[in-house]
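Notes to accompany the following structure.
Numbers here are sequence positions counted from 1. All ligand and atom numbering here is 1-based and tracks the order in the structure.
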Amino acid sequence: MTSASDQRSFAKSLFFGDIQEDMVFPYPALHPEKRARLDAILKSVDALAQKKIDPSKSDRDARLPEDVVAGIKELGLMGMQTPGEYGGLGLDVTSCARIMQELATFDPSVAVLLGAHQSIGMKALLLFGTEQQKSKYLPRLATGEHIAAFALTEATAGSDVQGMKATAVLNDDGSYTLNGDKIWITNGGLADVITVFAKLKCIKDGEEKERITAFIVEKSMGFKAGPPDEKMGQRGTNTTSIHLANVRVPAANVLGEPGSGFKIAMEVLNNGRLGLASSCVGVARYALKLAVDHAQGRKQFGRKIGEFGMIQQKIAEIVLGIYAMESIAYLTTGMVDRGVKDFSVESSICKAYNTEMLWSIVNHALQVASGEGYMKEHPYERLVRDARLNMIFEGTNEIQRMFIALSGMQGPGQRLANLARAFKHPIGEVGMIYDYVAAKVSHTINADRLTLSDPHLKDEAEGFEEGVKALAATAEATLRKYGKLVIDEQFFQKRVAEITMNLYVQVACIARATAQIRALGAEEAEAEVLVCRAVCRNGRDNVKQLLEACKHNDDDEIKKIVAFAYESGGYFLPAGLIAADEI
Ligand SMILES: Cc1cc2nc3c(=O)[nH]c(=O)nc-3n(C[C@H](O)[C@H](O)[C@H](O)COP(=O)(O)OP(=O)(O)OC[C@H]3O[C@@H](n4cnc5c(N)ncnc54)[C@H](O)[C@@H]3O)c2cc1C
């Protein structure tokens, strides 16, 4: 078992070829008391949702009805993560994620409102707030009397947060004056308290530098929200610009150290991504229900369409997708609840994998329903519109891939750099060289294994082990080839990230199915073993293809094609229809 001070990251260790199986086995389970409490809350959520949540209406009206928001507040969900001492429910991360999943099943906009309030809006306060800040702000945020938002993005600062123009200037009395414009802020028009990021001149290493700093800004201090943005999906949420014109913020409202805002923002988003990943599970489950009902109800050619192989394939893909999504989401929340400190790569994997899997799932569900799926009177088209956002906000999926690959390769990269230095002074550093060679030999002869998986999943465990070995070798070969320039090698980063995502899915499913076999016996757990095997088979095939593409690919040709498109400003080939006299 990991200890509360555990600094390891399971996913990062894979890049060294290490399988820290004590971090994923046994698959996390909720303590019966926590389970009972969660079940009671889920029951209340269902009762509220059945009575009051109407996602088509909130989509049409572009707002959530007041009684839905009031109902959520009454259940205490606005403070589900907030410790009891500040008036919250003080739930663990897994229970919160499961509640987000449940809410998203009924209407993802409700989950997003809650996520913006809690997973990101007040998260910086929870993680970095002083006792004084917490006791001042958390109680009213926990009841929902106040709503929170998180304002990072600007016109010039999307993925690249450092492009931020908002400024904070220190006044003589120790307060700060904030100016700037934030865009696309969820809950912007509802928020009473916003975590705002702005650049502040700070002294770093004896030099004055502009550094992002986080502030708690109250509505009464003077920020203004623009009108609600007209959005493609998740229309029940309120998204606005936030204008800060000479907003005076007291010194006591700086979050963390002045200049530490970038770190704070990244840490907050890291946490927020798990709520989003579990929300995707809820929507996917709902989409499966719709697809199964339609497949079994609709008849064509004298048969239920669900009897046709091509429809069956889609239903199966949805089932496997849900199993994979759930497995990684709750493996990760379980790690966080056990006190694992570094779950940044795991949380990025959950965000990228689950949002893309949901996109594929809602697309499949719509295709099963076809014409009906396209009509506004049915939920499918809304599900597709809603799901599109997930791949954009809380860090785009391209940025997640970059992060997964580069964070993962950082460790081996550092080791190689140290090694290169050691070879320059081999006498003094003989120990390091010896350690490296010994580790290499040991990994080659005796690669890390999964010893805790159930024997019924032997092939799946072997597939995972092979993949880990290959990931480590690929990371090292890539680093040797590109060195520091790996930072610009996005074709490789994408492949390496996707290998890691596939491996994490495999091990999460193996750990989960193992737990189920242990609990029920292999016979009773047959369905789960079947699904786990299918997910792992797909994962293993994906990894093989990605590894092959690391060696043999058409990256250079792709770059040339793109260069042609950029040069000509679009499509660059002659018209597809050739006139008869040209033949
Ligand atoms: C409905 C909605 C709600 C939102 N809510 C909030 C909120 O509450 N608070 C908040 O602060 N922000 C919020 N955002 C902003 C959101 O987080 C940003 O849209 C997101 O971070 C991406 O920034 P961007 O849209 O400017 O895209 P850009 O950064 O301009 O990116 C455009 C494309 O380029 C890619 N790209 C950019 N850089 C790289 C790179 N280095 N390598 C590879 N690809 C790259 C991106 O992945 C993307 O595909 C919200 C956005 C939306 C649409």
Side-chain angles (χ1 to χ4, degrees), residues 59 62-63 108-109 111-124 147-166 180-191 193-198 212 214-215 217 223 225-226 228-244 261-262 264-273 275-276 279 348 351-352 355-356 359 385-407 486-498 559 562:
D59 181 56
R63 60 193 295 275
S109 284
V112 170
L113 169 124
L114 209 57
H117 169 72
Q118 201 154 198
S119 306
I120 56 175
M122 59 198 258
K123 194 74 189 187
I147 290 184
F150 174 87
L152 183 66
T153 305
E154 296 179 16
T156 52
S159 303
D160 179 11
V161 175
Q162 297 293 351
M164 174 177 299
K165 296 246 165 69
D181 290 307
K182 301 288 175 180
I183 57 170
W184 307 328
I185 305 307
T186 308
N187 292 351
L190 314 173
V193 178
I194 306 188
T195 305
V196 173
F197 296 85
I212 297 176
F215 298 89
V217 185
F223 70 75
D229 294 321
E230 267 295 334
K231 302 195 297 287
M232 167 185 175
Q234 309 259 4
R235 287 170 50 80
T237 58
N238 174 279
T239 315
T240 71
S241 53
I242 294 290
H243 307 284
L244 300 140
F262 181 76
I264 291 178
M266 295 307 113
E267 192 90 3
V268 166
L269 289 170
N270 201 18
N271 281 269
R273 287 180 189 124
L276 178 57
S279 299
S348 279
K351 195 275 178 178
T355 57
E356 283 166 29
W359 178 240
R385 285 187 287 109
D386 285 350
R388 190 62 189 83
L389 175 62
N390 302 332
M391 294 179 283
I392 298 171
F393 72 171
E394 300 209 11
T396 66
N397 287 9
E398 288 77 16
I399 298 297
Q400 303 309 319
R401 279 177 168 75
M402 245 173 80
F403 179 77
I404 294 163
L406 294 179
S407 302
V486 73
I487 207 147
D488 292 321
E489 290 299 324
Q490 292 209 344
F491 288 67
F492 267 94
Q493 288 169 21
K494 180 169 183 289
R495 291 186 193 110
V496 166
E498 285 171 7
K559 286 175 191 165
V562 175

Just need the protein heavy atom nearest to atom 42 (N) of ligand 1, so name the residue and atom and give the distance.
Gln490 NE2, 2.9 Å

Are Lys182 and Phe223 in a cation-pi contact, defined as NZ or CZ under 6.0 Å from the six-membered ring centre and within 45° of the axis?
no

Does some side-chain heavy atom of Val217 sit less than 4.5 Å from a side-chain heavy atom of Ile242?
no

The atoms of ligand 1 lying under 4.0 Å from a heavy atom of Lys231, numbered in the order shown, are 1 (C)

For the pair Arg235 and Glu230, find out whether any cationic side-chain nitrogen is under 4.0 Å from an anionic carboxylate oxygen.
yes

Closer than 4.0 Å and a protein heavy atom, does any atom meet both conditions relative to atom 51 (C) of ligand 1?
yes

Sequence-distant partners of Asn270, side-chain hydrogen bond (donor to acceptor under 3.5 Å, both in side chains), two or more places apart
Ser347

Within the structure provided, determine whether Val112 and Thr186 are in side-chain contact (heavy-atom separation under 4.5 Å).
yes

Which ligand 1 atoms does Ile392 reach within 4.0 Å, using its non-hydrogen atoms?
19 (O), 20 (C)

Tell me, which protein residue and heavy-atom name are nearest atom 26 (O) of ligand 1, and how many Å apart are they?
Gly158 CA, 3.3 Å

Nearest non-hydrogen contact to atom 28 (P) of ligand 1 from the set Ser159, Gly395, Ala191 belongs to Ser159

How does Leu389 reach ligand 1, by side chain, by backbone, by both or by neither, if only non-hydrogen atoms under 4.0 Å count?
side chain

Gln493 side-chain N/O to Val486 backbone N/O, donor-acceptor pair under 3.5 Å
yes

Protein heavy atoms near atom 17 (O) of ligand 1, is at least one of them under 4.0 angstrom away?
yes

Is any side-chain heavy atom of Val193 closer than 4.5 Å to a side-chain heavy atom of Met122?
no

Ligand 1 contact on Leu152 by region, counting heavy-atom pairs under 4.0 Å
both

With heavy atoms and a 4.0 Å threshold, my read on which part of Met402 contacts ligand 1 is side chain

What are the atoms of ligand 1, with element, lying closer than 4.0 Å to any heavy atom of Thr396?
22 (C), 46 (C), 47 (O)

Under 4.0 angstrom from atom 32 (C) of ligand 1, is there any protein heavy atom?
no

Return yes if some donor-acceptor pair links the side-chain N/O of Asn187 with the main-chain N/O of Leu113 below 3.5 Å, else return no.
yes

Does the gap between the ring centers of Phe197 and Phe150 come in under 6.0 Å?
yes

Ser407 side chain vs Ile404 backbone, donor-acceptor pair below 3.5 Å
no

Which atom pairs, donor and acceptor, lie under 3.5 Å between side-chain atoms of residues 157-165 and protein residues at least two apart or in another chain?
from, atom 1, to, atom 2, distance (Å)
Asp160, OD1, Gln162, N, 3.2

Among non-hydrogen protein atoms, atom 9 (N) of ligand 1 lies closest to Phe150 O, 2.8 Å

How does Gln234 reach ligand 1, by side chain, by backbone, by both or by neither, if only non-hydrogen atoms under 4.0 Å count?
neither

Looking only at protein heavy atoms, what sits closest to atom 49 (O) of ligand 1 is Glu398 OE1, 3.4 Å

Of all the atoms in ligand 1, which lie at a distance below 4.0 Å from a heavy atom belonging to Ile185?
7 (C), 8 (O), 9 (N), 10 (C), 11 (O)

Nearest-neighbour protein heavy atom for atom 12 (N) of ligand 1, which is reported as residue plus atom name and distance
Thr153 OG1, 2.6 Å

Closest to atom 14 (N) of ligand 1 among protein heavy atoms sits Trp184 O, 3.4 Å

Walk me through whether Trp184 and Asp229 qualify under side-chain contact (heavy atoms from CB on, under 4.5 Å).
CA-CA 7 Å; Trp184 307 328; Asp229 294 321; 3.7 Å; yes

Which atoms of ligand 1 sit under 4.0 Å from any heavy atom of Ile399?
38 (N), 39 (C), 40 (C)

Nearest to atom 8 (O) of ligand 1, what protein heavy atom do you find, and at what distance?
Thr186 N, 3.0 Å

